[in-house]
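Comments concern the structure below.
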2 protein chains.
Amino acid sequence: MQTFKDVQSTERFSVEKMQKIALFESRNFFCDVYCLSPGQTQKPHKHLHEDKIYLVLQGSGSVLIEDDERPVQEDDICFAPAGSIHGVRNNSDKGLKLLVFMTPNPNYSQSR
Amino acid sequence: MQTFKDVQSTERFSVEKMQKIALFESRNFFCDVYCLSPGQTQKPHKHLHEDKIYLVLQGSGSVLIEDDERPVQEDDICFAPAGSIHGVRNNSDKGLKLLVFMTPNPNYSQSR
């Protein structure tokens with residue numbers, strides 16, 4: 001696995017749906033870039049065992065964690081602990097790009 | 001624990017040593033901001049069980065992972081897998097600010 005990347009050039013927007021671009025992963029975590037075009041959302045959902053972190057890399061929108069929905073912009077960072085309802089909306093007129101960490105990595109859950 | 005923060009205002013530089021500012025943590029991870037003044041380093045070291053990610057938030061320097069030391073700047077992201085030697089140097093003349101994830105959280109290791 002390549003160990004040096006840059007988030008600036010990691011970008012893919014689609015009018016179809018939110019795009020997820022994988023950067024790194026192990027059994028312990030995955031790290032992706034999410035790209036949301038205007039109007040796109042990651043619907044509120046929860047993970048029983050996994051924590052998630054969102055860092056806004058570019059653009060603005062809103063992040064929901066439990067019953068707390070807040071406007072977010074570049075450099076805002078949000079923690080959705082395991083079991084909490086969370087989601088993202090791009091309610092702006094420009095692209096919204098997020099760095100996302102999830103830990104542990106649910107793709108390895110059967111072996112844990 | 002506060003779930004919304006911003007990395008822009010999370011900053012503390014010291015001429016004494018590299019500063020670590022805690023943002024979020026759980027059993028699964030911790031997420032800190034590291035601030036290195038010019039000339040400061042995080043010496044090469046390794047963790048047997050924990051993965052680490054560095055994202056450069058501001059400034060420039062160099063990151064070592066195993067035998068690969070590379071110049072890094074804002075928006076570069078680096079993955080140091082468990083067991084790999086890794087470290088950071090601020091060889092620039094300005095502050096270097098990094099977002100750091102470590103997973104799992106070594107502070108909880110006795111209970112794992």
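Here is how names work: the chains are called A, B, and so on, in the same order as the sequence lines, proteins then strands, and each is numbered from 1. What you see is a predicted model; the values in this text were computed from it and never measured. All values below come from the heavy atoms of this structure, side chains included, with hydrogens, waters and symmetry mates left out.
- For the pair Lys52(B) and Phe79(B), the cation-pi test (distance below 6.0 Å, angle within 45°) is failed.
- Heavy atoms closer than 4.5 Å to chain B are found in the side chain of Phe101(A), but not in its backbone.
- Heavy atoms closer than 4.5 Å to chain B are found nowhere in Val56(A), neither backbone nor side chain.
- Contacts with chain A were tallied for Gln8(B), Arg70(B), Glu74(B); Arg70(B) has the most, counting heavy-atom pairs under 4.5 Å.
- Under the 3.5 Å distance criterion, with hydrogens and angles disregarded, no donor-acceptor pair is assigned to the side chains of Gln40(A) and Asn90(A).
- No side-chain donor from either of Asp51(A) and Thr103(A) sits under 3.5 Å from a side-chain acceptor of the other.
- In this structure, His47(A) has its ring center under 6.0 Å from that of His45(A).
- Relative orientation of the Tyr54(B) and Tyr34(B) rings is perpendicular, given thresholds of 30° and 60° on the angle between their planes.
- When each of Asp6(A), Leu99(A), Asp75(A), Val72(A) is scored by its heavy-atom pairs under 4.5 Å with chain B, the top score falls to Asp75(A).
- When the candidates Val63(B), Ile53(B), Thr10(B) are compared by the number of heavy-atom contacts under 4.5 Å with chain A, Ile53(B) comes out ahead.
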